[in-house]
Amino acid sequence: MVQEQLASRDISDARVLAAMAVVPRHRFVPEAMRAHAYSDSPLPIACDQTISQPYVVAAMTQLARVQPGSRVLEVGTGSGYQAAVLAELGAEVWSIEIHAELSAVAEEVLRDLGYGEGRVHLRVGDGWAGWPEAAPFDAIVVTAAPPFVPPALVAQLRDGGRLVIPVGVADQELRVVTRVHDGQVREESVFPVRFVPMTGGAPRR
Ligand code: SAH
């Protein structure tokens, strides 16, 4: 997976490649899908959601520029896989999931793999509002697509912090929003993506 799907493409950050090599993706995939855990595609998980393709997880992680000790918010815990990769890079992770069932399963797997309370904090709720008590964050990784960038998430970035987020409804693109200073932002579009929609308080369009 790491050689053929990541290093051969544009994943060049050695720390990201190492984290992707260490986190056992099969543990985050439903039993029936285990045989496909390391294939080059997204896979279904419970509640009609998906665990992203390994390349997309790696690309988003690389774009977030996570350092050891970084405070990182994830919106959309899902299986817990992306949270584990972020924790493996040495980040302290706060991850929000709107489906209680997914959060519970993710918690069990994460704790079992040693990503304990101090490394990954989990909450059931609506990520549209972020996690204000734990802000500001060095990076925010969103794994469900809202129609536009949630203002609360930009507000919860520290100056210099990076928000990596799929945006759009029918046509989505991955964006990196960097908070420059005093709430000023710089936005870049990275590549087209297809994520499940962000639900909860995210406006429908
Ligand atoms: N990062 C996950 C990918 C999960 S797919 C992984 O590594 O497996 C996106 C997830 O976002 C789904 O589990 C979905 O339930 C969740 N989600 C959608 N809207 C949300 C919202 N408003 N707040 C929190 N989670 C949300």
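Atoms within a ligand are numbered from 1 in the order they appear, just like the ligands themselves. As the structure is a computational prediction, the values presented were derived from the model and not from experiment.
- Ligand 1 has no nitrogen or oxygen under 3.5 angstrom from a nitrogen or oxygen of S52.
- The nearest protein atom to atom 7 (O) of ligand 1, hydrogens excluded, is given as Q82 N, 3.1 Å; this is a heavy-atom distance.
- Checked against a 3.5 angstrom limit, the closest N/O atoms of G127 and ligand 1 fall inside it.
- Looking at ligand 1, you won't find any N or O of T50 less than 3.5 Å from one of its N or O atoms.
- Here the side chains of V149 and L153 are not in contact, with every heavy-atom distance at 4.5 Å or above.
- Screening R158, R71, R162 against D138 for a side chain to side chain donor-acceptor pair (under 3.5 Å) leaves a single residue, R158.
- In this structure, CZ in R65 is found 12.5 Å from CZ in R15, a value given to the nearest 0.5 Å.
- Those atoms of ligand 1 that come under 4.0 Å of a heavy atom in G125, given as number and element, are 23 (N), 24 (C).
- In this structure, the protein non-hydrogen atom closest to atom 19 (N) of ligand 1 is T199 N, 3.0 Å.
- Protein heavy atom closest to atom 9 (C) of ligand 1, with residue, atom name and distance, is T143 O, 3.2 Å.
- Of the protein's heavy atoms, G76 CA, 3.2 Å lies nearest to atom 11 (O) of ligand 1.
- The N/O atoms of V196, backbone and side chain alike, include none that comes under 3.5 Å of an N/O atom in ligand 1.
- In terms of polar-atom proximity, defined here as any N/O pair under 3.5 Å, I51 makes no such contact with ligand 1.
- Counting heavy atoms from C-beta outward, P151 and W128 have side chains that approach closer than 4.5 Å.
- By the 6.0 Å contact criterion, CG on D48 is open, its count of non-hydrogen atoms from other residues, nucleotides or ligands being 12 or less.
- Around atom CD of E188, more than 12 heavy atoms belonging to other residues, nucleotides or ligands sit under 6.0 Å away.
- Ligand 1 has no nitrogen or oxygen under 3.5 angstrom from a nitrogen or oxygen of W128.
- Heavy-atom neighbours of R194 CZ from other residues, nucleotides or ligands within 6.0 Å: at or below the threshold of 12.
- Open room surrounds CD on E108; 12 or fewer heavy atoms of other groups in view lie less than 6.0 Å from it.
- Relative to atom 1 (N) of ligand 1, the option among E101, E74, M60 with the closest non-hydrogen atom is E74.
- Ligand 1 places these atoms under 4.0 Å from at least one heavy atom of I96: 24 (C), 25 (N).
- Figure legend: R25 and Y81 shown as a cation-pi pair, the cationic atom lying under 6.0 angstrom from the six-membered ring centre and within 45 degrees of its axis.
- When M198, R123, E97 are checked for heavy-atom proximity to atom 13 (O) of ligand 1, E97 turns out nearest.
- With a 4.0 Å cut-off on non-hydrogen atoms, H99 touches ligand 1 through its side chain and not its backbone.
- Looking at L102 against ligand 1, only its side chain comes within 4.0 Å, counting heavy atoms.
- Proximity to T77 (heavy-atom distance under 4.0 Å) selects the following atoms of ligand 1: 1 (N), 2 (C), 6 (C), 8 (O).
- Looking at atom 18 (C) of ligand 1, its nearest protein heavy atom turns out to be A144 CB, 3.6 Å.
- Considering only non-hydrogen protein atoms, atom 12 (C) of ligand 1 sits nearest to Q49 OE1, 3.3 Å.
- Between P42 and Y55, the closest side-chain pair of non-hydrogen atoms is not below 4.5 Å.
- Heavy atoms from other residues, nucleotides or ligands lying under 6.0 Å from CD of E187 number more than 12.
- The aromatic rings of W94 and H121 sit parallel, their planes meeting at an angle under 30°, below the 60° perpendicular limit.
- Within the listing of ligand 1, atoms 6 (C), 7 (O), 8 (O) sit less than 4.0 angstrom from a heavy atom of S79.
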R111 vs E117, test: salt bridge (charged side-chain N to carboxylate O under 4.0 Å, His left out). Steps then yes/no.
CA-CA 8 Å; R111 302 299 182 241; E117 303 272 1; 3.7 Å; yes
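- Of all protein heavy atoms, the one closest to atom 22 (N) of ligand 1 is D126 OD1, 2.8 Å.
- Shortest contact from atom 25 (N) of ligand 1 to any protein heavy atom: I98 N, 3.3 Å.
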